[in-house]
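Remember, predicted model here, so these are calculated numbers, not experimental data. Just so you know, residue 1 is the first one in the sequence shown, and it goes up from there.
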Amino acid sequence: MGNSALRAHVETAQKTGVFQLKDRGLTEFPSELQKLTSNLRTIDLSNNKIDSLPPLLIGKFTLLKSLSLNNNKLTVLPDELCNLKKLETLNLNNNLLRELPSTFGQLSALKTLSLSGNQLGALPPQLCSLRHLDVVDLSKNQIRSIPDTVGELQAIELNLNQNQISQISVKISSCPRLKVLRLEENCLELSMLPQSILSDAQICLLAVEGNLFEIKKLRELEGYDKYMERFTATKKKFA
């Protein structure tokens with residue numbers, strides 16, 4: 001892509017606070033954005049070939065609220081990304097990420113996190129210190145279990161569809177705000193599903209199709225009627 005085209009995008013972004021450059025075959029984060037660190041509220045560089053983020057630049061976008069880098073080739077995220085104190089939405093679907101920076105919990109304003117289609121092998125514990133997190137999408141990764149730390153998670157919706165989960169900590173029932181739990185197409189035996197998810201949790205939508213048991217067996221579990229009460233009450237609310 002020519003310099004003049006990029007310059008035009010930069011000039012527009014200076015006025016609008018939005019820089020969007022998708023499907024352009026970019027192999028690196030545009031250094032021209034250096035001029036816009038105090039302007040931009042939204043950056044969308046999805047569907048490119050970017051394999052890394054410049055540490056010295058990425059943490060300087062002090063007003064940034066939304067960052068989208070879906071369908072790139074990112075293998076790691078720099079710690080400096082976690083300096084974005086106003087960031088509310090982070091979309092990193094379909095990259096090559098295996099883990100998150102240890103400082104990820106510093107993204108204190110984060111509400112929506114999408115990491116579908118990466119190579120995460122575990123539920124990142126850093127997510128549990130994000131107090132405003134509403135929606136987390138970790139579908140299509142390589143997560144095998146849900147650890148005890150999950151009890152601290154503040155999310156309202158957690159999507160773990162299409163992983164390799166065979167074990168779930170009973171602590172998931174303690175999540176204070178968790179209403180929607182998606183576990184479709186995993187490796188769960190019915191005996192590995194904590195009964196407290198049905199009887200004691202806030203969860204009012206539990207999606208478990210495509211595991212190692214028949215859905216009708218779920219209906220026979222103790223606590224299923226309590227779960228259905230929550231499910232029906234919520235359904236009425238949204239109807």
Side-chain angles (χ1 to χ4, degrees), residues 1-120 124 126-127 130-141 155-157 159 162:
M1 136 170 226
N3 278 344
S4 56
L6 185 55
R7 206 173 305 127
H9 277 280
V10 169
E11 280 170 20
T12 305
Q14 218 150 7
K15 300 182 190 111
T16 63
V18 176
F19 185 83
Q20 193 175 62
L21 206 55
K22 303 194 286 190
D23 300 294
R24 294 302 178 95
L26 297 178
T27 54
E28 50 188 45
F29 191 91
S31 57
E32 290 80 356
L33 295 189
Q34 190 117 28
K35 304 169 192 159
L36 302 177
T37 51
S38 55
N39 292 60
L40 292 182
R41 292 183 310 280
T42 301
I43 296 175
D44 190 346
L45 292 165
S46 297
N47 307 336
N48 282 292
K49 297 173 182 172
I50 298 167
D51 61 5
S52 63
L53 298 176
L56 297 177
L57 175 55
I58 196 64
K60 290 184 176 169
F61 294 97
T62 47
L63 297 181
L64 198 67
K65 287 194 164 189
S66 175
L67 176 60
S68 294
L69 288 151
N70 298 326
N71 301 304
N72 275 282
K73 296 179 183 260
L74 296 171
T75 53
V76 289
L77 300 173
D79 284 344
E80 288 79 359
L81 176 73
C82 306
N83 296 338
L84 303 177
K85 297 294 182 242
K86 288 197 158 53
L87 194 68
E88 293 178 4
T89 303
L90 180 57
N91 296 316
L92 295 164
N93 299 324
N94 303 317
N95 278 279
L96 303 164
L97 299 167
R98 293 176 181 274
E99 58 183 7
L100 299 180
S102 59
T103 49
F104 200 80
Q106 293 171 15
L107 290 171
S108 51
L110 201 63
K111 291 179 180 175
T112 303
L113 174 63
S114 296
L115 284 160
S116 180
N118 277 277
Q119 296 174 8
L120 299 172
Q126 300 93 312
L127 303 187
L130 296 169
R131 293 286 161 235
H132 299 287
L133 204 54
D134 289 335
V135 178
V136 183
D137 185 354
L138 299 173
S139 59
K140 300 180 187 172
N141 276 279
I156 296 168
E157 176 170 344
N159 185 344
Q162 292 177 280

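Here the shortest heavy-atom pairing between Phe61 and Ile58 reads CD1-O, 3.5 Å. Thr37 and Leu57 get closest at one heavy-atom pair: CG2-CD1, 3.8 Å. Taking all atoms of both residues into account, the shortest heavy-atom contact from Pro101 to Gln126 is O-NE2, 3.0 Å. Minimum interatomic distance between Phe104 and Leu130 (heavy atoms only, all atoms of both residues): O-CD2, 3.8 Å. Taking each heavy atom of Pro124 and Leu138 in turn, the nearest pair found is CD-CD1, 4.1 Å. Between Gly117 and Asn141, the shortest heavy-atom distance links the atoms N-ND2, 4.0 Å.
Taking CD1 from Ile43 and NZ from Lys65, the interatomic distance works out to 14.5 Å, rounded to the nearest 0.5 Å. Expressed to the nearest 0.5 Å, how far CG of Leu63 lies from CG of Asn39 amounts to 8.0 Å. The CG atom of Leu84 sits 11.5 Å away from the OG atom of Ser66 when rounded to the nearest 0.5 Å. Distance NZ/Lys111 to CD1/Ile156: 10.0 Å, rounded to 0.5 Å. Once rounded to the nearest 0.5 Å, the distance linking CD of Glu32 with CG of Leu6 reads 4.0 Å. With rounding to the nearest 0.5 angstrom, the CD atom of Glu28 is 8.5 Å from the CD1 atom of Ile50.
Between Thr42 and Phe19, the closest side-chain pair of non-hydrogen atoms is not below 4.5 Å. In this structure, the side chains of Ser108 and Lys85 come closer than 4.5 Å at one or more pairs of heavy atoms. Using a 4.5 Å cut-off on side-chain heavy atoms (C-beta onward), Arg24 and His9 make contact. Here the side chains of Leu100 and Leu77 are in contact, with some heavy-atom distance below 4.5 Å. At least one side-chain heavy atom of Leu120 sits less than 4.5 Å from a side-chain heavy atom of Leu115. Side-chain atoms of Asn83 and Thr62, non-hydrogen and from C-beta on, never get closer than 4.5 Å to each other. Side-chain atoms of Asn159 and Val136, non-hydrogen and from C-beta on, never get closer than 4.5 Å to each other.
Among residue pairs with one or both ends in residues 37-64, those qualifying as salt bridge (Lys or Arg N to Asp or Glu O under 4.0 Å) are Lys22-Asp44; sequence neighbours excluded.
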Checklist entry - For Leu40 and Val18, what are the C-alpha separation, side-chain angles and deciding distance, and is it a side-chain contact (heavy atoms from CB on, under 4.5 Å)? => result CA-CA 6 Å; Leu40 292 182; Val18 176; 6.0 Å; no
Item to check | CA sep, side-chain torsions, deciding dist, call: Asn70, Asn94, side-chain contact (heavy atoms from CB on, under 4.5 Å) | outcome: CA-CA 6 Å; Asn70 298 326; Asn94 303 317; 5.7 Å; no
Checklist entry - side-chain contact (heavy atoms from CB on, under 4.5 Å) between Leu36 and Gln14: does it pass, once the steps are laid out? => result CA-CA 7 Å; Leu36 302 177; Gln14 218 150 7; 3.6 Å; yes
Item to check | Criterion side-chain contact (heavy atoms from CB on, under 4.5 Å) on Leu74 and Leu69, from CA distance to verdict | outcome: CA-CA 9 Å; Leu74 296 171; Leu69 288 151; 4.1 Å; yes
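When only modelled atom types and interatomic distance are considered, Asp137 and Ser139 share a side-chain donor-acceptor pair under 3.5 Å. Side-chain atoms of Asn95 and Asn118 include no donor-acceptor pair closer than 3.5 Å. Side-chain contact, Asn91 with Ser68: a donor N or O sits under 3.5 Å from an acceptor N or O. Side-chain atoms of Asn48 and Asn72 form no donor-acceptor pair, as typed in the model, at a separation below 3.5 Å.
Under a cut-off of 6.0 angstrom, the local environment of CZ in Arg131 is crowded, with over 12 non-hydrogen atoms contributed by other residues, nucleotides or ligands. By the 6.0 Å contact criterion, CD on Glu157 is enclosed, its count of non-hydrogen atoms from other residues, nucleotides or ligands being greater than 12.
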